[in-house]
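Remember, it's a predicted structure, so these values are computed and weren't measured experimentally. Chain identifiers are assigned alphabetically (A, B, ...) following the order of the sequence lines, protein sequences preceding nucleic acid strands; residue numbering begins at 1 within each chain. Hydrogens, waters and symmetry mates are skipped; everything else that's a heavy atom, side chains included, is used.
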Amino acid sequence: MAGKVAPLLTDGERIAGVSAAGPYVNFSLNRSCFIEHVLSEIAARGEKYGSGDQGAGKTLVIDFASPNLARPVHIAHLRSIAIGQAIYRIHDFVGWKCVGINHWGDYGTNFGQLLAAYLMWADPEKVKANPVAELLALYIRFNEEKEQNPDLQDEARKCLSRLANGDAEMVSLWRFFIDEGRREAERIYDILDVHFDEFLGESFFADKLEDVVELYQKAGLAEESDGALIVRLDGDGEDIPAPCMLRTSNGTSTYHSRDIAALLHRHEKYAFDRVVYVTDMRQILHFRQIFKALKLLGVDWIGGASHAPFGMMSFQGEAIATRSGNIVLLEDVLEKAIELTADIIDEKNPDLKGKAEVARQVGISAVIFADVSSRRARDIVFDLNEMLRFDGETGPYIQYTHARFCSILRKHDQPADPMADLSMLGQLAEMRVARQLEEFPRQLESACDESEPSYIASSLIDLATAANKFYNELPVLVGDDENLTAARIRLVDGIRTVMRTGLLLLGMNAPEEM
RNA sequence: GAGCUAUUAGCUCAGCUGGAUAGAGCGCUAGCCUCCGGAGCUAGAGGUCACAGGUUCGAAUCCUGUAUAGCUCGCCA
């Protein structure tokens with residue numbers, strides 16, 4: 001069949017050849033034509049290449065990072081921060097109005113434990129001098145001693161109840177804890193260059209409980225069960241056996257009711273078209289319940305809600321758990337990465353100006369890339385050496401490639417010529433680069449639709465690989481054919497543009513020298 | 001007991017809306033600066049795509065079951 005069909009298809013300007021190969025009909029693209037097409041597109045769109053008007057007039061609300069302020073930011077938290085930030089930037093790039101929300105945990109059990117531990121054991125002066133480390137030590141000690149002495153949990157409950165009743169000492173301590181936790185978290189976000197548009201703690205929604213209860217009671221969806229108020233979710237085809245609990249038998253709000261209140265609040269405030277939650281996989285059921293509960297309520301916008309879950313990070317075969325002290329602080333990892341990068345710069349590029357800043361940009365980006373480069377769903381085993389690898393498919397590899405082509409453009413010392421004769425390009429290595437450049441917008445769109453930044457990471461790796469092969473095979477500036485140089489400069493400019501865009505979308509830096 | 005997610009080279013991963021001989025990186029082996037940045041490039045070795053069925057002209061990819069791992073299943077968040 002293929003043998004009969006192929007001869008009937010004529011060659012044209014864009015198709016250089018048609019041939020039969022077994023059951024397939026192969027089309028060969030006219031390379032020059034293809035390359036010219038891609039580079040014209042990049043020249044026309046400039047730094048916006050890859051973005052269409054997909055998001056025009058639409059609003060995204062994205063909930064990410066959302067730490068518990070009773071505990072320090074550790075390496076496993078990087079996942080939500082890095083993935084969330086990338087999803088935010090990707091939407092922003094293709095025209096969405098984005099609202100990044102840090103919905104931090106400033107309420108509940110952990111704070112009760114911390115309050116109780118503080119009352120029992122803390123040296124206020126020491127805590128004041130070094131709050132993060134001292135509070136962490138208290139938290140760990142509480143959980144250790146709780147093993148021997150279960151009554152401690154009652155102490156925690158008492159503290160929480162005193163807090164809820166407005167006890168001045170508790171309120172003042174609690175404020176101190178969240179202020180410190182907040183200051184610490186924001187310091188890390190600054191280091192990572194991550195920004196939020198709204199910070200709202202769970203405590204803000206704790207007193208919105210009755211509004212939610214009323215909605216469900218009016219709709220006839222709420223029912224009493226063992227003293228608690230629940231909404232059954234097992235009514236229709238997509239059964240969720242576990243009900244959604246609105247109110248505990250003690251009359252307090254729950255994670256469910258607070259999140260429902262928060263989502264209603266957000267829709268009222270932002271009228272979003274899409275809302276994405278970036279959390280680990282343990283919360284898959286939770287969000288299914290929330291979304292279903294709102295669907296039962298008849299809200300028509302719930303179809304725009306999605307959960308972008310990611311796999312768990314473990315540490316030498318053990319769960320990373322703050323209460324047992326089995327954690328690695330995120331900041332420590334970032335500092336190590338920066339130090340290591342500085343050493344490498346001293347070795348490879350000692351005369352680089354602004355070394356310290358570049359070391360920060362490369363070191364931090366390496367850690368971010370290690371986190372966003374594989375698909376969200378994968379579980380990750382934390383391995384510092386793996387995270388700080390600088391060759392092969394890594395963040396520094398992409399940045400290095402970008403810097404290398406920036407270097408060519410610097411040496412060329414004049415802007416890419418829009419009139420360059422692109423028909424001179426047609427070598428295989430050039431074609432491979434062009435194909436990656438052409439592929440980028442599609443990967444970007446998938447990354448946006450599926451909340452999967454790793455597509456962009458893969459795309460950049462493929463582009464960098466093709467670009468480095470091109471670099472090694474074909475000279476750009478060396479040689480006496482000015483027209484060829486002008487044409488290849490256009491290709492180099494395209495590489496630079498797309499690599500920079502991709503790096504920034506992933507929340508990384510794109511230094512021009514390193 | 002039920003459910004979710006995963007399982008691809010020694011290690012880390014890509015490929016998953018079905019198509020040609022399953023691809024990278026790391027590590028290992030052997031190479032590449034008379035030429036734009038060697039954090040690079042080239043070549044080689046390395047695979048029963050967890051297992052068993054099924055659908056199909058064709059399955060790593062879709063369906064069913066099994067195994068293994070992680071997670072979850074109303075008063076933690």
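- Taking NE2 from H265(A) and CD1 from I260(A), the interatomic distance works out to 15.5 Å, rounded to the nearest 0.5 Å.
- With sequence neighbours excluded, no residue forms a salt bridge (Lys or Arg N to Asp or Glu O under 4.0 Å) with R432(A).
- Ring centroids of F204(A) and Y107(A) are separated by 6.0 Å or more, keeping the two rings apart.
- Counting only distance, with no hydrogens or angles, the side chain of E452(A) and the backbone of R376(A) share a donor-acceptor pair below 3.5 Å.
- Contact between the side-chain N/O atoms of K411(A) and the OP1/OP2 oxygens of rG37(B) is found at a separation under 4.0 Å.
- A salt bridge links R157(A) and D154(A); the closest N-O separation between the charged side-chain nitrogens and carboxylate oxygens is under 4.0 Å.
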Protein and nucleotides 75-77 of chain B: nitrogen or oxygen contacts under 3.5 angstrom:
{"from": "rC75(B)", "atom 1": "O2", "to": "S249(A)", "atom 2": "N", "distance (Å)": "2.6"}
{"from": "rC75(B)", "atom 1": "O2", "to": "S249(A)", "atom 2": "OG", "distance (Å)": "2.9"}
{"from": "rC75(B)", "atom 1": "N3", "to": "S249(A)", "atom 2": "OG", "distance (Å)": "2.9"}
{"from": "rC75(B)", "atom 1": "N4", "to": "D226(A)", "atom 2": "O", "distance (Å)": "2.6"}
{"from": "rC76(B)", "atom 1": "O2'", "to": "T109(A)", "atom 2": "OG1", "distance (Å)": "2.7"}
{"from": "rA77(B)", "atom 1": "O3'", "to": "E202(A)", "atom 2": "OE1", "distance (Å)": "2.5"}
{"from": "rA77(B)", "atom 1": "O3'", "to": "E202(A)", "atom 2": "OE2", "distance (Å)": "2.8"}

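- Look at the C1' atom in both rU8(B) and rG25(B): the space between them is 15 Å, to the nearest Å.
- Side chain of D106(A) to backbone of E202(A): a donor-acceptor contact under 3.5 angstrom is found.
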Write down the protein N/O and nucleotide N/O pairs, taken from nucleotides 7-9 of chain B, whose separation is under 3.5 Å; answer none if there are no such pairs.
{"from": "rU7(B)", "atom 1": "OP1", "to": "R378(A)", "atom 2": "NH2", "distance (Å)": "3.4"}
{"from": "rU8(B)", "atom 1": "O4", "to": "R378(A)", "atom 2": "NH2", "distance (Å)": "3.4"}

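- rG15(B) and rA6(B) have their P atoms separated by 12 Å, given to the nearest Å.
- Residue-level contact check: F405(A) touches neither bases nor backbone, having no heavy atom under 4.0 Å from any strand.
- For Y216(A), the ring pair (Phe, Tyr, Trp, His ring centres under 6.0 Å) criterion is met by no residue, not counting sequence neighbours.
- Across rC16(B) and rA50(B), the matching P atoms stand 15 Å from one another, rounded to whole Å.
- A distance of about 15 Å separates the C1' atoms of rG23(B) and rU61(B), rounded to the whole Å.
- Using modelled atom types, one side-chain atom of R488(A) and one backbone atom of P475(A) make a donor-acceptor pair closer than 3.5 Å.
- Residues passing the side chain to side chain donor-acceptor pair (under 3.5 Å) test with N349(A), sequence neighbours excluded: none.
- When rounded to the nearest whole Å, the span between CG of D371(A) and P of rC13(B) equals 12 Å.
- Between H103(A) and F205(A), the ring center distance clears the sub-6.0 Å criterion.
- Ion pairing between a basic and an acidic side chain is recognised when a charged N comes within 4.0 Å of a carboxylate O; R500(A) and E512(A) show no such pairing.
- Between K469(A) and rC41(B), a side-chain N or O to OP1/OP2 separation shorter than 4.0 Å is absent.
- Map I344(A) and S458(A) each onto its nearest nucleotide of RNA chain B; the residue landing nearer the 5' end is S458(A).
- Distances shorter than 4.0 Å separate none of the side-chain N or O atoms of R375(A) from OP1 or OP2 on rU5(B).
- The separation of rG10(B) from rG46(B), taken at their C1' atoms, amounts to 9 Å, rounded to a whole angstrom.
- Each of rG15(B), rA6(B), rG37(B) was ranked by its minimum atom distance to the side chain of A377(A); first place goes to rA6(B).
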Writing each nucleotide of RNA chain B 5' to 3' as (, ), [, ], | or . by Watson-Crick or G-U pairing under 3.5 Å yields (((((((..((((.....[...)))).(((((.......))))).....(((((..]....))))))))))))....

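- Applying the side chain to side chain donor-acceptor pair (under 3.5 Å) test to R71(A) and every residue at least two apart in sequence or in another chain returns nothing.
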Classify every nucleotide of nucleotides 18-26 of chain B by which part a protein heavy atom approaches to under 4.0 Å, writing B for the base, S for the sugar-phosphate alone and - for neither, in 5'-to-3' order.
-SB---BSS

Could you go through the salt bridge (charged side-chain N to carboxylate O under 4.0 Å, His left out) check for R490(A) and D493(A) one step at a time?
CA-CA 5 Å; R490(A) 286 285 301 279; D493(A) 193 48; 5.9 Å; no

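- Judged by closest nucleotide on RNA chain B, S373(A) is the one of S373(A) and L285(A) placed further toward the 5' end.
- Taken to the nearest 0.5 Å, the CG atom of L505(A) stands 6.0 Å off from the CD1 atom of I90(A).
- Separating the P atom of rG54(B) from that of rA60(B) is a span of 15 Å, rounded to the nearest Å.
- Nearest to the side chain of N468(A), among rG40(B), rG15(B), rG38(B), sits rG40(B).
- In summary, E145(A) and R141(A) engage in a salt bridge, as defined by a charged side-chain N under 4.0 Å from a carboxylate O.
- Taking the side chain to side chain donor-acceptor pair (under 3.5 Å) definition, one finds that D259(A) meets it with H286(A), sequence neighbours left out.
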Pairs: protein N or O with nucleotides 31-33 of chain B N or O, under 3.5 Å:
none

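- Using a 4.0 Å cut-off between charged nitrogen and carboxylate oxygen, E386(A) and R389(A) count as a salt-bridge pair.
- Between the side chain of T485(A) and the backbone N or O of V476(A), at least one donor-acceptor pair lies under 3.5 Å.
- Applying the side chain to side chain donor-acceptor pair (under 3.5 Å) test to S365(A) and every residue at least two apart in sequence or in another chain returns Q399(A).
- Distance check on atom P: rG27(B) versus rC41(B) gives 13 Å, rounded to whole Å.
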What does the list of N/O pairs under 3.5 Å between the protein and nucleotides 67-70 of chain B look like, with a distance for each?
none

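- Ionic pairing of R442(A) and E445(A) is not present here: no N-O contact between side-chain nitrogen and carboxylate oxygen is shorter than 4.0 angstrom.
- Across the P atoms, rG47(B) and rG38(B) are found 34 Å apart, a figure rounded to whole Å.
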